[in-house]
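Let me begin by presenting the structure, written as structure tokens, before commenting on it.
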Amino acid sequence: MTNTSQPIYSPLTPPMQETTLVATSRIIDLRKASSSLSVPSRCLIGLHAFTGCDSTSAFYGKGKQKALKMLEDNPGFHNTFCSLGGAFNLDEDLLASLERFVCMLYGQTTSPSSGQSLPPTRDALIQHAKRSNYQAAIHRRALQQKMNAPSPDGHGWTMKDGELAICWMTQPPAPDVLLECVSCGCAVGKCLKGWCSCLNFGLPCTDICNCTSCGNFEEEAALALDEDNCYDEL
């Protein structure tokens, strides 16, 4: 377990961070750590929020190390992530740049091993970008006494019955004719968890599925999808 104290500031020394790991303790020079990066440190807030944090989802199978390496190799995206969170509203130019970054992030020469490995639809990406931008804006204003943050409603979230809920998409993930052809091959379970591809699309299993002991029938499909919140990757 790692316990991290508050940063240590002194007029005579650069910003420091004290960390404790079990019985060992060390002081990290934050300025030196920042200068060792090959990307501007202001990029890190935007990159962290966009690639997954406590309040934003991650891209399945795309870790932060890969995203950071790609950012290091493509300086053209530095301004993109330095700008993310600059304002609470996401502008079209920034969204277009984030879309290019995701296309590059998913660039691959082999077929995806599962449906979860597919890139998000543009509609889903827009909602994710809005959430990431809103969270980055909160982070960038963390030292302000009053940040005047707007309601997250409409920034990738929506209010339902007085509670804040994630707005994953505003459009179907695919045309209805394609969704009707979705089938699963679940070897275990009753197709009531997030790894069932039919359930992920809110569809009941059909005769073309290869699942056994299936419990994902017409009436259970929508209910089980709402209850299973364990998988929040795009």
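All values derive from a computational prediction rather than experimental measurement.
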Once rounded to the nearest 0.5 Å, what's the spacing between atom CZ of Arg131 and atom CG of Leu90? 12.0 Å
Leu71 backbone acceptor or donor facing His78 side chain under 3.5 Å: yes
How far apart are the closest heavy atoms of Arg141 and Gly86, and which atoms are they? NH2-O, 2.6 Å
Please report the C-alpha distance between Ile126 and Thr170 in whole Å, then the side-chain angles of each, then the deciding distance to 0.1 Å, and finally whether the side-chain contact (heavy atoms from CB on, under 4.5 Å) criterion is met. CA-CA 10 Å; Ile126 290 174; Thr170 61; over 6 Å; no
When you measure from the side chain of Lys66 to the backbone of Leu105, do you find a donor-acceptor pair of N or O atoms at a distance under 3.5 Å? yes
Quick test of your reading: applying side chain to side chain donor-acceptor pair (under 3.5 Å), list the pairs with at least one residue in residues 90-99, sequence neighbours left out, ordered by first then second residue. Thr80-Ser97, Glu99-Arg122
I'd like to check Cys214 versus Cys209 (side-chain heavy atoms, cut-off strictly below 4.5 Å). Are they in contact? no
Give the table of side-chain donor-acceptor pairs shorter than 3.5 Å for residues 147-167, with sequence neighbours excluded, one pair per line with atom names and distance.
residue : atom : partner : partner atom : Å
Ser151  : OG   : Asp153  : N            : 3.2
His155  : ND1  : Phe88   : O            : 3.2

Determine whether Cys191 and Cys184 make a side-chain contact, defined as any pair of heavy atoms from C-beta on separated by less than 4.5 Å. yes
Less than 4.5 Å apart, any side-chain heavy atom of Leu47 and any of Val39? no
Does any N or O in the side chain of Asn133 come within less than 3.5 Å of the main-chain N or O of Leu84, such that one atom is a donor and the other an acceptor? no
Sub-3.5 Å donor-acceptor pair from the side chain of Asp123 to the main-chain atoms of Gln171, do we have one? yes
Check the pair His128, Phe50 against side-chain contact (heavy atoms from CB on, under 4.5 Å), reporting the backbone distance first and the verdict last. CA-CA 8 Å; His128 174 73; Phe50 191 68; 3.7 Å; yes
Grab the two heavy atoms, one from Ala49 and one from Ser132, that are nearest each other, plus how far apart they are. O-OG, 3.4 Å
Partner residues of Phe101 under the ring-ring contact (aromatic ring centres under 6.0 Å, His included) criterion, sequence neighbours left out: Phe77, Phe81
For residues 33-43, which residue pairs qualify under side chain to side chain donor-acceptor pair (under 3.5 Å), counting only residues two or more places apart or in two chains? Ser38-Glu72
Can you name the closest pair of heavy atoms from Ala58 and Thr51 and give their distance? CB-O, 3.5 Å
With side-chain contact (heavy atoms from CB on, under 4.5 Å) as the criterion, how do Trp168 and Ser57 come out once you've worked through the C-alpha distance, each side chain's angles and the decisive distance to 0.1 Å? CA-CA 10 Å; Trp168 294 111; Ser57 52; 3.8 Å; yes
Gly76 backbone acceptor or donor facing Asn74 side chain under 3.5 Å: no
Is the ring pair Phe59/Tyr106 parallel, tilted or perpendicular, if the boundaries are 30 and 60 degrees? perpendicular
According to salt bridge (Lys or Arg N to Asp or Glu O under 4.0 Å), who are the partners of Lys64, at least two apart in sequence or on a separate chain? none
Side chains of Cys53 and Gln135: does their closest heavy-atom pair fall under 4.5 Å? yes
Working to the nearest 0.5 angstrom, can you tell me the gap between Arg140 CZ and Ile45 CD1? 4.5 Å
